[in-house]
Amino acid sequence: MASQTTLTSHDLHRCFARCAATPTLLVDLAVVEQDFLTFRASFPDSPIFYAIKANPHPDVLTRLSTLGAGFEVSSVGELRLLLGLGIEGGRIISSNPVKTPAFLREAHAAGIRYFAYDSAAEVDKLAELAPGSQGLVRLEVSNEHSEWPLDKKFGVDSNHALELLAYARDRGVDPVGVIFHVGSQCRSVDGWRVALEKTSRMWDEGRKQGAPLQILNVGGGMPVVYTDDRVPSIPAVASAIRAECAKLFPSDSKVWLEPGRAIVGRAGTLVCSVIGLAQRGGARWVYLDVGVFHGLAEATGGIRYRFLSDAPGPESPCTIAGPSCDSVDVISTDALLPDVRVGDRLAIASCGAYTTVYASGFNGFPGPETQIIESWGDG
Ligand SMILES: Cc1ncc(COP(=O)(O)O)c(C=O)c1O
């Protein structure tokens with residue numbers, strides 16, 4: 001199957017023809033399935049907990065559930081969504097290091113037992129609201145290879161992590177594991193290598209102190225192709241992680257994964273329309289009916305989307321902006337497009353993750369509708 005970043009013009013036409021209106025996010029379940037199976041084949045001994053924040057569409061969740069995925073949730077809303085689809089708490093974990101008390105109560109009642117923490121206050125909440133829980137301490141690791149870093153808000157250094165392991169044990173929260181996140185859209189396997197080295201030192205020390213560490217949650221962060229197709233593939237990330245774990249961790253350690261972007265990113269193609277054109281400061285500006293407030297929020301933090309057009313002629317540089325009356329609403333300052341016209345359609349590749357979930361409807365412009373399809377090339 002062709003990657004959505006390399007659609008032929010025939011595929012592009014079929015993709016445009018599917019959308020009665022724009023913006024529309026086409027999500028190809030066959031691609032979701034293929035990418036999930038690639039994860040499973042690449043990490044045969046690891047449970048995969050899909051981080052549903054990336055794209056919680058019920059059809060995506062149902063397909064992944066049928067394939068045997070586990071799920072990672074952060075909130076009451078995400079939890080209820082899964083429970084409503086008949087997915088039991090035993091298949092769900094929560095790795096948000098700071099959880100609301102209401103969520104903890106409901107998650108515990110639903111049978112969720114694995115929770116992340118990175119503070120004494122969170123351990124206290126777990127002890128009181130989710131008794132009998134198994135805890136994974138969130139270690140801070142470098143996010144230097146990531147296009148969407150997550151390191152400023154969460155994680156503790158190794159010494160603090162060791163203190164928290166002891167504190168958790170005292171409070172009756174079983175300190176069974178460590179979790180880290182190398183940052184989303186991590187472009188180098190070195191991100192995991194360095195994180196695993198750091199974790200292994202802390203792990204050995206924790207075991208010496210009596211913590212029953214067994215679970216090593218290596219998070220998400222696995223990349224998809226946007227404009228740079230040199231990002232490591234899932235098998236390449238897997239072989240680096242597995243080799244490092246075999247070298248650094250005891251053989252009874254269990255590696256867990258919670259990817260979001262790399263499960264659903266490639267499957268989504270965002271179809272939108274050109275709504276305006278301008279020359280500004282010597283540059284060509286192209287305005288779309290979708291912008292940073294309507295699904296492309298990650299453009300403000302470093303994600304560089306690939307735009308596909310069927311307009312004739314050579315491509316040239318342009319700035320691409322969204323429809324709202326706000327100057328932040330700029331999606332790219334160095335895109336390449338041919339000579340598009342108002343009313344033309346564009347496809348934006350690899351938009352299955354962190355798009356519809358971010359759409360706010362700001363300024364009265366609706367976010368993309370999702371249209372689920374089954375196999376890209378069909379019909
Ligand atoms: C705790 C946690 N786990 C997993 C993920 C999924 O990460 P990614 O989409 O980069 O795979 C995230 C993303 O924010 C996260 O915060």
Side-chain angles (χ1 to χ4, degrees), residues 32 35-36 38-40 42-43 46-57 60-61 64 69-75 77-79 82 92-100 103 107 112 114-119 122 135-156 177-189 191-192 195 199 215-226 231-234 236-238 241 255-268 297-298 301-303 350-358:
V32 174
D35 288 348
F36 177 78
T38 299
F39 260 97
R40 192 147 71 192
S42 307
F43 292 96
S46 297
I48 302 163
F49 298 94
Y50 168 58
I52 85 167
K53 62 169 75 70
N55 188 327
H57 192 286
V60 169
L61 300 177
L64 290 171
F71 298 90
E72 190 278 319
V73 300
S74 290
S75 63
E78 289 186 341
L79 173 60
L82 290 179
I92 306 173
I93 62 172
S94 178
S95 302
N96 184 353
V98 181
K99 295 163 282 298
T100 67
F103 168 67
I112 299 184
Y114 292 95
F115 297 96
Y117 60 91
D118 64 1
S119 66
E122 196 68 12
L136 282 81
V137 67
R138 170 94 169 238
L139 192 62
E140 74 183 4
V141 298
S142 165
N143 278 204
E144 69 172 306
H145 299 290
S146 152
E147 286 181 18
W148 189 261
L150 300 166
D151 54 341
K152 298 288 178 279
K153 190 173 169 192
F154 299 118
V156 289
V178 180
I179 177 169
F180 62 74
H181 200 301
V182 295
S184 203
Q185 185 67 8
C186 181
R187 285 178 316 216
S188 169
V189 296
W192 286 276
T199 307
I215 299 168
L216 172 59
N217 186 329
V218 299
M222 296 76 183
V224 298
V225 173
Y226 291 102
V231 296
S233 65
I234 300 313
V237 173
I241 291 177
V255 175
W256 285 11
L257 309 165
E258 49 183 43
R261 188 184 302 277
I263 298 282
V264 288
R266 193 173 72 96
E298 289 195 319
I303 299 296
S350 298
C351 279
Y354 305 116
T355 51
T356 46
V357 276
Y358 280 146

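Just so you know, these numbers use all the heavy atoms, side chains as well, and skip hydrogens, waters and symmetry mates. Computed from a predicted structure; not experimentally measured. Order of listing sets the numbers, starting from 1, for every ligand and every atom in it.
Interface atoms of ligand 1 facing S95, defined by a heavy-atom separation under 4.0 Å, are 1 (C). The ligand atoms of ligand 1 that sit less than 4.0 angstrom from a heavy atom of S184 are 8 (P), 9 (O), 10 (O). Set against the non-hydrogen atoms of P259, the atoms of ligand 1 under 4.0 Å away are 11 (O). Near A51, with a cut-off below 4.0 Å to any heavy atom, the atoms of ligand 1 are 4 (C), 5 (C), 6 (C). When each atom of ligand 1 is checked for a heavy atom of G220 under 4.0 Å away, the hits are 7 (O), 11 (O).
Proximity annotation for atom 7 (O) of ligand 1: of R261, K53, H181, K153, H181 comes nearest, heavy atoms only.
Using cut-offs of 30° and 60° on the angle between ring planes, the pair F49 and W256 is tilted. Under the 30°/60° scheme for interplanar angles, the aromatic rings of W148 and Y358 are found to be tilted.
Side-chain contact check for E122 versus V98: some heavy-atom pair is nearer than 4.5 Å. In this structure, N217 and E258 have side chains that are in contact, with non-hydrogen atoms separated by less than 4.5 Å.
Closest protein heavy atom to atom 9 (O) of ligand 1: Y354 OH, 2.5 Å. For atom 2 (C) of ligand 1, the nearest protein heavy atom (residue, atom name, distance) is E258 OE2, 3.4 Å.
Between S74 and N96, the shortest heavy-atom distance links the atoms OG-CB, 3.4 Å. Across all non-hydrogen atoms, the minimal contact from P97 to F154 is CG-CD2, 3.5 Å.
Contact annotation: for I179 versus ligand 1, there are no heavy atoms closer than 4.0 Å.
Residue contact annotation: G221 has a non-hydrogen atom under 4.0 Å from ligand 1. Residue contact annotation: G219 has no non-hydrogen atom under 4.0 Å from ligand 1.
Considering backbone and side-chain atoms together, G260 places an N or O closer than 3.5 Å to an N or O of ligand 1.
Between E147 and R261 there is no salt bridge, since no side-chain nitrogen of the basic residue lies less than 4.0 Å from a carboxylate oxygen of the acidic one.
Atoms SG and CE, from C186 and M222 in turn, are 9.0 Å apart once rounded to the nearest 0.5 Å.
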